Structure formats: structure tokens, C-alpha cells
Amino acid sequence: MKIALLGYGKMGKTIEKIATDRGHHIVLRVDKDDTDYELADADVAIDFSVPNAAVSNITKCITKGVPVVSGTTGWLEEYDKVIALCKEKKGAFIYASNYSLGVNLFFELNKKLAKMMNGISDYEVTMEEIHHTQKLDAPSGTAITLAEGIIANSKKEKWSLDQGDATTIPITAKRIENVPGTHSITYSSAVDDIEIKHTAHDRSGFALGAVIAAEWLHGKTGVYTMKDVLGL
Ligand SMILES: NC(=O)C1=CN([C@@H]2O[C@H](COP(=O)(O)OP(=O)(O)OC[C@H]3O[C@@H](n4cnc5c(N)ncnc54)[C@H](OP(=O)(O)O)[C@@H]3O)[C@@H](O)[C@H]2O)C=CC1
Ligand SMILES: O=C(O)C1=N[C@H](C(=O)O)C[C@H](O)C1
């Protein structure tokens, strides 16, 4: 496949290596100063850029009929608008807050655990995410997806970076040099804790998942998630 990389930072460069190893060709690399780019003959675009560029990059791909895999976090207030455009233009689009197989399994485990803990009043849930110091958004997109998984399966109604009331899942976001991404969910009672945790060792799991999603999306139309790609 001919791949356009929208965003050529830490993730863009990791994706380039994995995509090339899998026999794909990178035909475009877009960074901050290349806003007037042409998608030309790209079969698929992969956007790992910055929150304030994601929507215009995705919009351009959909408008030009290029399937787009979006990994950028921090723009989801405009998700419904993007989905509506994709449907109107009969485009192809996937967004995932996290493309790694491990985190997508962790998302399912989190929902099952939330369902199990629902109604057991002895335990209170909290979440912690840790990322590198260059990260622009907090909490992470992955933490938001995990919180949504708990909300859909419990009496919790919202998440917050503050403590909040009994209906709130408190999220602590820590920024520590060189951490690729760690997420943990803890249910605490007076006598014990139950904790589940995912630790990324590097960025290759995110990048491989994004390339697999691009391969899967090529030739399709519609709006999808990693659950579709992985058959979970
Ligand atoms: N869904 C997932 O699995 C994962 C998602 N992410 C998300 O991906 C995004 C990128 O992460 P990461 O690669 O670590 O970040 P980086 O900061 O390393 O890379 C982002 C790149 O985007 C560039 N950029 C800035 N403006 C534009 C623009 N208008 N169009 C295209 N590119 C632009 C930046 O250029 P410059 O440096 O010149 O500003 C930079 O090179 C983040 O939102 C992060 O949260 C990260 C890992 C996994
Ligand atoms: O910015 C990052 O690095 C990451 N961002 C994603 C997120 O916000 O969840 C995924 C991963 O945790 C790494």
C-alpha cells in the first residue's frame, strides 16, 4: 500500500519503520509546516499529529476519498462532526485512542471487571495514567476510553482529573520522562485493593496496530473501531 503519514514525530517515525518492514511505501510525510499538502496517490493515510491539526487532516482525507486511520488524541469533542462527514462522503475512517493489541484486550478486561464490581459498595474505583513529558493532552485518550468503559458498566456517571463526588471516576495523570504509556485501574476497599495495569514497553505496539488497521481499512467504506479490526 502507498501510505501518507500525517504527523511525522515519535509515532510517525515508528509507523514508517513497521510499515516499510511489512512491504508498504511511504509516499507522503506531513509535519507542522506542510499544511498545504496533496494526498496524491496515497491508498491510505495515518494521522498521528497534534490535537489542533487532527480534524483538518482527517477532513482533508475524507473529502479527497482517502481512507484514514486516526490515532491523535485530544480532539474528540469534534468526533460526531467527523463521523457525519465520513457518512456523507461515503469515506472510510477508524479512530482508536490506543491501537495496541494489549490495550484493546485491556479495554475488554476493564469492562468485565467494572461489571463484576458494579453494586459492590465496599470498593471505590480510581485510575492513573503515566506518560512522557511531551504529551499535550491529559488525561490520555486511553484513560478516557477506560473511563467510558467503566461508566457504561457501573453507576459512575463521569470522570474528572479532580476527586469529584461519588458518581465520578477520579483520574490522576502523571508526566514522567520517557514513559511510553502506563494505565492502571484500582478498586480499593478498607481491607484490600484489586488493580489491573497495562504497561507499554515502547511505541511499537501502537504503531503495529495502526498499520494493521490501515491494511484492514484499505478497500472498505464506513466508520470502524479497533474492535472491528481485531474481531473482539
Ligand atoms: N492511538 C494510539 O495508539 C496512540 C496515539 N498517540 C497520539 O498520537 C499523537 C502523536 O503522538 P507522538 O508522535 O508521540 O507526538 P509527536 O509530538 O512526537 O509528533 C507529532 C507530530 O505532529 C506534527 N504536527 C504538528 N502540526 C501538524 C499538522 N498541522 N499536520 C501534521 N503534523 C503536524 C508535529 O510537528 P512539530 O514537532 O514540528 O510540531 C510532530 O512531528 C498524540 O496525539 C498522541 O496522544 C500516541 C501514541 C499511540
Ligand atoms: O501521547 C502518547 O504517547 C500516547 N497517547 C495515547 C493516549 O493518549 O492514550 C496512547 C498511548 O497511551 C500513548
Side-chain angles (χ1 to χ4, degrees), residues 3-19 26 28-39 42 45-61 68-79 93-107 110 127-149 159 161 171 173-185 197-214 217 224-227 229-230:
I3 299 178
L5 292 177
L6 311 182
Y8 193 56
K10 292 182 284 299
M11 280 302 296
K13 291 184 175 96
T14 311
I15 289 168
E16 176 174 48
K17 180 166 185 339
I18 287 175
I26 308 303
L28 182 68
R29 296 164 186 82
V30 173
D31 238 327
K32 186 161 72 182
D33 299 326
D34 318 320
T35 43
D36 200 19
Y37 60 89
E38 292 289 337
L39 286 159
I46 304 182
D47 181 279
F48 281 76
S49 58
V50 290
N52 67 14
V55 175
S56 90
N57 284 335
I58 297 165
T59 300
K60 187 169 199 162
C61 293
V68 55
V69 171
S70 164
T72 307
T73 53
W75 61 271
L76 278 196
E77 62 286 354
E78 297 197 70
Y79 181 81
F93 179 67
I94 293 187
Y95 167 76
S97 60
N98 198 305
Y99 280 92
S100 79
L101 172 62
V103 163
N104 281 277
L105 294 170
F106 190 65
F107 285 154
N110 170 57
M127 197 185 302
E128 181 181 272
E129 58 100 330
I130 311 173
H131 284 85
H132 54 95
T133 51
Q134 295 92 50
K135 186 157 178 62
L136 296 178
D137 52 322
S140 67
T142 305
I144 293 173
T145 305
L146 287 164
E148 286 168 348
W159 57 264
L161 286 167
I171 303 178
K174 292 187 178 165
R175 296 293 172 257
I176 299 174
E177 204 121 330
N178 295 327
V179 175
T182 301
H183 294 87
S184 55
I185 295 143
K197 180 175 182 180
H198 178 275
T199 307
H201 296 159
D202 57 31
R203 291 183 174 80
S204 59
F206 312 138
L208 175 60
V211 174
I212 288 171
L217 190 63
Y224 301 98
T225 68
M226 273 309 266
K227 273 190 83 159
V229 176
L230 297 171

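One-based numbering, in listed order, for ligands and for the atoms of each. This one's a predicted model, so the numbers in the text were calculated from it and none came from an experiment.
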Ligand-protein N/O pairs under 3.5 Å (ligand 1):
| from | atom 1 | to | atom 2 | distance (Å) |
| --- | --- | --- | --- | --- |
| ligand 1 | 1 (N) | Gly71 | O | 3.1 |
| ligand 1 | 1 (N) | Ala96 | O | 3.0 |
| ligand 1 | 1 (N) | Ser97 | O | 3.0 |
| ligand 1 | 3 (O) | Tyr99 | N | 2.9 |
| ligand 1 | 13 (O) | Lys10 | N | 3.4 |
| ligand 1 | 13 (O) | Met11 | N | 2.8 |
| ligand 1 | 18 (O) | Lys10 | N | 2.8 |
| ligand 1 | 18 (O) | Lys10 | NZ | 3.0 |
| ligand 1 | 30 (N) | Asn57 | ND2 | 3.4 |
| ligand 1 | 35 (O) | Asp31 | OD1 | 2.7 |
| ligand 1 | 41 (O) | Gly9 | N | 3.4 |
| ligand 1 | 41 (O) | Asp31 | OD1 | 2.7 |
| ligand 1 | 43 (O) | Thr73 | N | 3.1 |
| ligand 1 | 43 (O) | Thr73 | OG1 | 3.3 |
| ligand 1 | 45 (O) | Thr73 | OG1 | 2.6 |
| ligand 1 | 45 (O) | Lys135 | NZ | 2.9 |

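- Atoms of ligand 2 lying under 4.0 Å from any heavy atom of His132, numbered from 1 in the order shown and given with element: 1 (O), 2 (C), 3 (O).
- No donor-acceptor pair closer than 3.5 Å links the side chain of Asp31 to the backbone N or O of Gly9.
- Close approach of ligand 2 to Thr142 (heavy-atom distance below 4.0 Å) involves ligand atoms 7 (C), 9 (O), 10 (C), 12 (O).
- Looking at Glu129, His131, His183, it is His131 that brings a heavy atom closest to atom 4 (C) of ligand 2.
- Ring orientation note: the planes of Phe93 and Tyr79 are tilted relative to one another, at an angle of 30° to 60°.
- Ranking the protein heavy atoms by distance from atom 5 (N) of ligand 2 puts Lys135 NZ, 3.2 Å first.
- With hydrogens and angles disregarded, a donor-acceptor distance shorter than 3.5 Å links the side chain of Glu129 to the backbone of Ser140.
- Near Gly141, meaning under 4.0 Å from any of its heavy atoms, are these atoms of ligand 2: 7 (C), 8 (O), 9 (O).
- A 6.0 Å sphere centred on CD of Glu38 holds no more than 12 heavy atoms belonging to other residues, nucleotides or ligands.
- A 4.5 Å side-chain heavy-atom check between Met127 and Pro139 finds every atom pair outside the cut-off.
- Taking 4.0 Å as the cut-off, Gly74 does not count as a neighbour of ligand 2 on heavy-atom distance.
- Within the 4.5 Å cutoff, no side-chain heavy atoms of Asp47 are placed close to those of Cys61.
- Per-residue contacts place Asn98 under 4.0 angstrom from the following atoms of ligand 2 (heavy atoms of the residue considered): 10 (C), 11 (C), 12 (O).
- Between Leu6 and Ser49 there is no side-chain heavy-atom pair separated by less than 4.5 Å.
- The part of Pro180 lying near ligand 2 is the backbone, judged by heavy-atom distances below 4.0 Å.
- No side-chain heavy atom of Trp159 sits less than 4.5 Å from a side-chain heavy atom of Leu146.
- Nearest-heavy-atom check against atom 10 (C) of ligand 2 across Ser140, Ala143, Ser97 picks out Ser97.
- The aromatic rings of Trp75 and Tyr95 sit perpendicular, their planes meeting at an angle over 60°, well past the 30° parallel limit.
- Counting only heavy atoms from C-beta outward, the side chains of Thr145 and Phe106 never approach each other to under 4.5 Å.
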